[in-house]
Amino acid sequence: MNDDRYSRQTLFAPIGSEGQARIRAARVLITGCGGLGAEVASLLARAGAGALRIVDRDVVELTNLQRQALFDEADARECIPKAVAAARRLSRINADVNVEPLVTDVHAGNVAELLTGMDLVVDGFDNFEGRFLLNDACVSAGVPWVHGACVGSYGVSTLIVPGRTPCFRCIQPELPPPGSTPTCDTVGILGPTAHLIASLEVAQALRWLVTGEVPAPPVLVAADVWDLRLQRVELPARDPRCPCCGERRFEFLEAPASPATELCGRDAVLVRSLARAAPAFDELAQRLRAHGEVLVNRYVLRFRTAPYELTLFPDGRTIVKGTSETALARSLVSRYFGA
Ligand SMILES: [Zn+2]
């Protein structure tokens, strides 16, 4: 009996040692390291993927721990960015995997660079904007991606291979208006839902990496963990009039990033700085202590002044909690951080 760490995976006939070598050679981008992304990262690292690039814009919070098994209370207490906390933990799970943590949001200005050198992307986003942008970038660059989304007890997943399967916009032609769809921050999310959908994403990722095959016809899998329903939905063929994969108009990739974005259902706003870097944390922390409570580490500066909480990242972004008004959030950032 073969005793190497992947033996139970290589014994599975469709993978074998050849399939394991393909998994080992794979470079995978994970966009978002929350309920889906953290579990995707854990499963891919354990499966022996060669390299994982993990991009996430936020820090670990206590409310994440109900479902995000890569993180613990110390990460939340110390305000550690999720990508950094994930990389630390993954290095203890499988030291052979090259993990690259990136603390930033995915936007039209950096998505092409994030995709560079990647064989596959796995969706860990919690919002539609990110997925429409990722779809444009992946179709434009010809990089396959595995879509996954979940809320409450329900979730879906599908493999998207440009030119071979329908793209995300063939399935969902237009971006739903902000606030029109339920999110984990408005109607909740069960741990089992996130873990099941992440597992379905990773199963499709491994199958693609090993076989290079797409299901014919293409399928989307839908699951409800409360009603115990699992559905295989056959998808129609690619839509030749799809603006993205049919007409190759990349509207989301070409749209300029807005200076501030409401984070739906979270009573929070993401403010992007015009400067490419944040001011020096130590100086700023000293100045702010007169006005409120300050926590600073090498990754973030968090400033609380009731009822607001501002978290500043080294790339110049701030997440402002306590308001959903973008204009107010921008004025708080400029008042306290002088951006
Ligand atoms: Zn399409």
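Read the numbers this way: they start at 1 and go in the same order the structure lists the ligands and their atoms. Predicted model only: the values in this text are computed from it and were never measured.
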In sequence, state the C-alpha distance, the side-chain angles, and the governing distance for Glu18 and Arg22, and then conclude on salt bridge (charged side-chain N to carboxylate O under 4.0 Å, His left out). CA-CA 7 Å; Glu18 268 181 49; Arg22 292 194 188 114; 3.6 Å; yes
Say you draw a straight line from CG of Asp315 to OG1 of Thr104; how long is it, rounded to the nearest 0.5 Å? 4.0 Å
Short side-chain donor-acceptor distance under 3.5 Å, Ser42 and Arg46: yes
Closer than 2.8 Å to the Zn ion (ligand 1) - protein N, O or S atoms, ordered by chain and residue number: Cys167 SG, Cys170 SG, Cys242 SG, Cys245 SG
Residues Asp75 and Arg89 bridged, charged N to O under 4.0 Å: no
What pairs of donor and acceptor atoms, side-chain ones from residues 218-226 against any protein atom, are under 3.5 angstrom apart with sequence neighbours left out?
{"unit_1": "Asp224", "atom_1": "OD1", "unit_2": "Ser153", "atom_2": "OG", "d": "3.0"}
{"unit_1": "Asp224", "atom_1": "OD1", "unit_2": "Trp226", "atom_2": "N", "d": "2.8"}
{"unit_1": "Asp224", "atom_1": "OD1", "unit_2": "Asp227", "atom_2": "N", "d": "3.0"}
{"unit_1": "Asp224", "atom_1": "OD2", "unit_2": "Ser153", "atom_2": "OG", "d": "3.3"}

Does the Asn94 side chain pair with the main chain of Ala45, one donor and one acceptor, at a distance under 3.5 Å? yes
